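Structure first, commentary second.
Everything numeric in this text was worked out from a predicted model, so none of it was measured.
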Amino acid sequence: MLRFDTVSALRHHLNSLRSEKTIGFVPTMGALHEGHVTLIDLARSENDVVVSSIFVNPTQFNNPDDLALYPRTLEEDCQKLAAAGCDIVFAPSVAEMYPEPTTLRLDFGDLETVMEGAFRPGHFNGVGTVVAKLFNIVQADKAYFGQKDLQQVAVIRRLVRDLSFCVELVRCPTVRESDGLAMSSRNRNLTDTEREQATALFKALTLAHDLLVKGHTPTQAKAAVTGFFMGNSHFRLEYIEIVNADTLQLASEVLAPGQTAICLAAHLGKVRLIDNLVF
């Protein structure tokens, strides 16, 4: 596996490959887990060359404490990528990605008024900016993102569409631990006790799902989840929403198969966790 830390070196190498080989791209912020490995596996099966980036993007953190706490495990991450069959890793510094402070402002419209957009102002501007830069640098044929960050996928889909990026966006299913907890880099920040308690997120999603498929309304399902967390003092529920899986706008009823998403965010100790269930 080759490792690059400058834009110019990576571009030069990829330019030598692009005419004859297809390129799959898996952008990450590091602290890799098996969920990331499944993205590499899929990219490996669909492309000649697999590129992954590791970059903790400061412009998408609206909370400085969250940025400081985000785990950074570059050498371990590179070992995991190499073992998974990744061909190239791009691990730039902040100065390399932002030689000058960015003043660009992206507006994703209605996607920024719900859920993560409502609770993390400026987050998606930072996500959109760094992903646009990475897409321009790598110029991949396909880019792979996990469904756990469902709203991020919707934002990037709009970015690709509105700015005419020549890349196919591939949304990949959420990978879970055996007890249902969605794999996440932030799980590393949970204490052992909190790790056991964190399974409540998937239990809450399952509760809402079961109510919806039995004919209850989204309002009733949301109320049940709110009550579920009110009885669990370890958590502070931030939101529970039932939305269209593509537009992220509120759903008043269960939609066509694959189009309904139950999304939630909650704080457990110092860690903010998100999860969703699409059906």
Side-chain angles (χ1 to χ4, degrees), residues 25-29 35 39 53 55-63 66-67 70 102-136 140 142-174 182 184-186 201 205 208 212 218-219 221-222 225 237-256 258-267 272-279:
F25 181 39
V26 181
T28 83
M29 292 207 302
L39 300 182
S53 60
F55 179 64
V56 181
N57 176 39
T59 67
Q60 70 188 67
F61 287 82
N62 57 317
N63 183 340
D66 193 21
L67 175 60
Y70 198 89
T102 181
T103 58
L104 181 67
R105 291 294 178 268
L106 299 173
D107 184 351
F108 293 98
D110 50 9
L111 289 175
E112 293 201 56
T113 64
V114 297
M115 298 189 303
E116 295 298 287
F119 284 91
R120 302 181 67 186
H123 171 65
F124 288 123
N125 177 72
V127 169
T129 299
V130 76
V131 171
K133 289 170 76 71
L134 289 169
F135 281 176
N136 274 324
K142 294 184 177 182
Y144 299 79
F145 293 85
Q147 179 181 290
K148 191 185 81 69
D149 295 305
L150 184 66
Q151 192 166 2
Q152 174 176 276
V153 174
V155 163
I156 295 168
R157 185 186 300 116
R158 185 165 294 180
L159 181 80
V160 169
R161 182 195 68 193
D162 288 2
L163 297 184
S164 301
F165 280 106
C166 190
V167 60
E168 178 184 343
L169 186 62
V170 182
R171 188 181 86 187
C172 306
T174 300
S184 170
S185 301
R186 287 181 169 82
L201 268 72
L205 290 173
L212 290 169
T219 298
K222 288 169 59 176
V225 170
L237 180 65
E238 197 164 80
Y239 65 76
I240 167 71
E241 299 292 357
I242 297 164
V243 300
N244 181 299
D246 291 326
T247 67
L248 279 299
Q249 298 307 295
L250 297 180
S252 59
E253 60 184 1
V254 173
L255 306 174
Q259 292 299 304
T260 306
I262 310 164
C263 304
L264 62 79
H267 293 264
R272 183 179 184 273
L273 299 172
I274 64 171
D275 201 354
N276 66 77
L277 193 61
V278 178
F279 66 101

Is there side-chain contact between Val155 and Gln152, with at least one heavy-atom pair below 4.5 Å?
no
Side chains of Asn125 and Thr129: does their closest heavy-atom pair fall under 4.5 Å?
yes
Indicate, with yes or no, if the rings of Phe108 and Phe124 have centres closer together than 6.0 Å.
no
Would you say Val131 and Leu159 make side-chain contact, with heavy atoms under 4.5 Å?
yes
Partners passing salt bridge (Lys or Arg N to Asp or Glu O under 4.0 Å) against Arg186 (at least two apart in sequence or in another chain):
Asp66
May I ask you to say whether Glu238 pairs ionically with Arg120, meaning some side-chain N is under 4.0 Å from a carboxylate O?
no
Close side-chain approach of Leu201 and Leu205, heavy atoms under 4.5 Å:
no
Can you find a heavy atom in the side chain of Phe55 that is under 4.5 Å from one in the side chain of Pro27?
no
Tightest non-hydrogen contact, residues Pro218 and Ala251, listed as CG-O, 3.5 Å
Ignoring hydrogens and angles, tell me if any N or O in the side chain of Gln151 forms a donor-acceptor pair with the backbone of Leu111 under 3.5 Å.
yes
Do Val127 and Asp149 have side-chain heavy atoms sitting under 4.5 Å apart?
no
Using every non-hydrogen atom in the two residues, find where Gly146 and Val153 come nearest and quote the distance to one decimal.
O-CG2, 3.6 Å
Side chain of Asn276, backbone of Lys148: donor and acceptor closer than 3.5 Å?
yes
May I ask you to test the Val278-Arg171 pair for a side-chain heavy-atom distance under 4.5 Å?
yes
Would you say Phe135 and Val160 make side-chain contact, with heavy atoms under 4.5 Å?
yes
Salt bridge (Lys or Arg N to Asp or Glu O under 4.0 Å) with Arg158: of Asp110, Asp246, Asp107, only one passes, and it is Asp110
Do the side chain of His123 and the main chain of Gln60 share a donor and acceptor less than 3.5 angstrom apart?
yes
Identify the heavy atoms of Ala140 and Phe25 that sit nearest to each other, and give their distance.
CB-CB, 3.5 Å
